[in-house]
Amino acid sequence: RVDRRQRQMCIRDSIRMIYRKASDTESGGVHTEMDLERHKTVTKNPDGTYNLELSVSGAVGNITDPVKLDVMFIVDQSGSMKEELSNGTNRAKAVVNAVRSMTNQLESNQNIDPRYSVVTFSSGINGTEYYNDAIQKLYWSDSAEAAVSAVTINPNGGTNYEAGLLMGRAMLMGSRPNAQKVVIFLSDGMPTYHYENGETGGTGSTTNSADKNNAYTEASKFTNVNSFYSIRVGNEKGADAILQEICNRVHASSEGSAAENFKVYSAEKVDELNSVFDQIQGNITQVLCDHVSVEDTLSENVQPVESASP
């Protein structure tokens with residue numbers, strides 16, 4: 001469906017890449033080298049009009065100039081991660097296997113220069129230097145094996161989303177300038193803890209408004225993130241709406257980011273979790289371009305629709 005304003009601007013067929021300069025407060029912008037692909041889709045509507053969709057995508061990096069990619073895993077370490085996911089494999093072990101597969105694929109891609117960091121969160125984590133309930137398991141490293149080792153956890157305690165997000169946000173400050181920043185947040189359930197004046201609050205058994213709202217507030221403080229993926233591991237479907245809102249908050253505070261790169265996935269079986277990680281790995285190596293202007297020539301037979309959105 002094409003409105004009059006679109007009709008007037010569509011004079012020729014071209015693509016322009018427009019990059020945003022990072023502000024002084026950000027840890028860096030995004031540098032990508034892409035072979036661009038254009039896609040045009042026309043869908044007929046029941047009323048006889050058509051929807052025209054234009055998109056652009058491309059693979060990142062090249063061998064001589066590999067794109068910097070900083071990937072952070074924020075992993076739930078609560079006691080329920082010991083429960084079986086499927087085929088005799090518990091949730092924690094399934095996450096380790098999926099991370100190993102993903103990092104191996106990234107390492108084998110000569111177009112990418114990856115680094116990894118890992119944060120785990122649980123009310124069972126205490127005695128840390130600052131806040132309890134979350135810990136830095138791996139500071140930025142180029143070792144895929146170190147990332148796999150760091151996500152290998154001993155599940156215990158309850159779930160504090162806010163703690164994981166707070167520690168993750170602090171870790172992002174050490175990411176590389178001009179690197180794509182990808183965060184993968186994994187949990188098997190709803191949050192049951194939060195912070196109250198620096199101390200852990202919550203029942204540990206039920207989710208209250210502070211457990212959720214504090215996590216949302218922390219998610220809103222993330223900036224300059226290219227992709228944020230939340231994964232629900234297990235069958236606690238009530239977590240999906242909370243995880244979606246966290247994605248929404250991070251996207252809203254990451255100026256210029258593409259909504260397609262902020263998604264919630266669910267995995268109730270081992271093969272589903274592996275599939276989710278394969279999809280994410282594909283997403284971050286075949287990036288949808290931000291800030292792209294597409295101009296497309298229309299036939300003189302096209303009749304503008306006055307009520308269509310731009």
Side-chain angles (χ1 to χ4, degrees), residues 22-30 68-78 95 99 114-143 146-147 149-153 157-187 191 193-202 210-231 242-243 245-255 257 261-262 284:
S23 69
D24 293 337
T25 60
E26 295 177 330
S27 58
V30 178
K68 295 180 177 66
L69 177 67
D70 287 353
V71 182
M72 173 182 291
F73 300 97
I74 305 178
V75 182
D76 187 348
Q77 190 177 315
S78 63
V95 169
V99 169
R115 288 200 319 174
Y116 314 97
S117 64
V118 177
V119 169
T120 63
F121 62 96
S122 161
S123 66
I125 298 172
N126 49 52
T128 57
E129 185 176 357
Y130 299 107
Y131 290 102
N132 290 328
D133 296 8
I135 190 169
Q136 170 188 305
K137 291 288 292 293
L138 177 68
Y139 194 71
W140 296 105
S141 168
D142 60 5
S143 170
S149 178
V151 297
T152 303
I153 59 174
T159 306
N160 187 339
Y161 280 12
E162 180 188 6
L165 292 166
L166 175 63
M167 180 64 72
R169 185 169 63 86
M171 291 268 284
L172 276 174
M173 295 177 66
S175 60
R176 292 173 293 183
N178 299 326
Q180 292 191 59
K181 298 162 185 64
V182 177
V183 180
I184 301 175
F185 184 94
L186 301 99
S187 180
Y193 288 104
H194 62 276
Y195 287 138
E196 294 178 357
N197 299 318
E199 301 294 330
T200 302
D211 298 332
K212 295 184 291 185
N213 291 335
N214 285 23
Y216 298 156
T217 298
E218 193 58 46
S220 297
K221 297 177 183 178
F222 278 71
T223 59
N224 199 37
V225 174
N226 297 87
S227 306
F228 190 103
Y229 302 103
S230 294
I231 306 174
I242 303 173
L243 294 172
E245 182 61 21
I246 287 172
C247 279
N248 294 345
R249 295 294 184 100
V250 178
H251 175 227
S253 61
S254 296
E255 181 183 352
S257 59
N261 299 328
F262 294 76
I284 62 181

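We use all heavy atoms of the structure for the numbers below, so side chains are in, but hydrogens, waters and symmetry mates are not. Along the sequence shown, the residues carry numbers beginning at 1.
Between Ile246 and Tyr216, the shortest heavy-atom distance links the atoms CG1-CD2, 4.0 Å. The shortest heavy-atom contact between Leu165 and Ala215 is CD1-O, 3.5 Å. What you find for Ser254 and Val250 is that their closest heavy atoms are OG-O, 2.9 Å. Between Ala163 and Tyr195, the shortest heavy-atom contact is CB-OH, 3.2 Å. Across every non-hydrogen atom of Pro114 and Arg176, the tightest pair is C-NH2, 4.0 Å. When every heavy atom of Gly168 is checked against every heavy atom of Phe222, the shortest pair comes out as C-CZ, 4.3 Å.
In this structure, NZ on Lys181 lies 13.5 Å from CD1 on Ile284, to the nearest 0.5 angstrom. Atom-to-atom distance recorded for Asn248:CG and Ser253:OG is 11.0 Å, nearest 0.5 angstrom. Interatomic distance, Leu166 CG to Thr217 OG1, rounded to the nearest 0.5 Å: 12.0 Å. The distance from the CG atom of Asp211 to the CG atom of Asn160 is 7.5 Å, given to the nearest 0.5 Å. One distance of note links CG of Asn261 with CZ of Phe228; it measures 13.0 Å at 0.5 Å rounding. Of the inter-residue distances, the one linking Ile125 atom CD1 with Met167 atom CE reads 8.5 Å to the nearest 0.5 angstrom.
Asn214 is not listed as a side-chain neighbour of Tyr161, based on a closest heavy-atom distance of 4.5 Å or more. Residues Val183 and Tyr229 fail the side-chain proximity criterion, which asks for heavy atoms closer than 4.5 Å.
Proximity of a side-chain donor or acceptor of Glu162 to a complementary backbone N or O of His194 within less than 3.5 Å is not detected. Proximity of a side-chain donor or acceptor of Ser78 to a complementary backbone N or O of Thr159 within less than 3.5 Å is not detected.
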(request) Go through the steps for Val99 and Ile184 under the test side chain to side chain contact (heavy atoms under 4.5 Å, CB included), then give the verdict. (result) CA-CA 10 Å; Val99 169; Ile184 301 175; over 6 Å; no
(request) For side chain to side chain contact (heavy atoms under 4.5 Å, CB included), just list the numbers for Val75 and Lys137, CA-CA rounded to whole Å, side-chain angles, deciding distance to a tenth of an Å, and then say yes or no. (result) CA-CA 10 Å; Val75 182; Lys137 291 288 292 293; over 6 Å; no
(request) Please report the C-alpha distance between Val119 and Phe73 in whole Å, then the side-chain angles of each, then the deciding distance to 0.1 Å, and finally whether the side chain to side chain contact (heavy atoms under 4.5 Å, CB included) criterion is met. (result) CA-CA 6 Å; Val119 169; Phe73 300 97; over 6 Å; no
(message) Using the rule given for side chain to side chain contact (heavy atoms under 4.5 Å, CB included), can you reason through Trp140 versus Ser117, listing the C-alpha separation, both sets of side-chain angles and the distance that settles it, and then say yes or no?
(response) CA-CA 5 Å; Trp140 296 105; Ser117 64; 3.3 Å; yes
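The side-chain hydrogen bond (donor to acceptor under 3.5 Å, both in side chains) check on Ser187 picks up Asp76, with sequence neighbours excluded.
Taking the centre of each ring, Phe185 and Phe121 come in below the 6.0 Å mark.
For Asp70 and Arg115, the salt-bridge test passes: some basic side-chain N is under 4.0 Å from an acidic carboxylate O.
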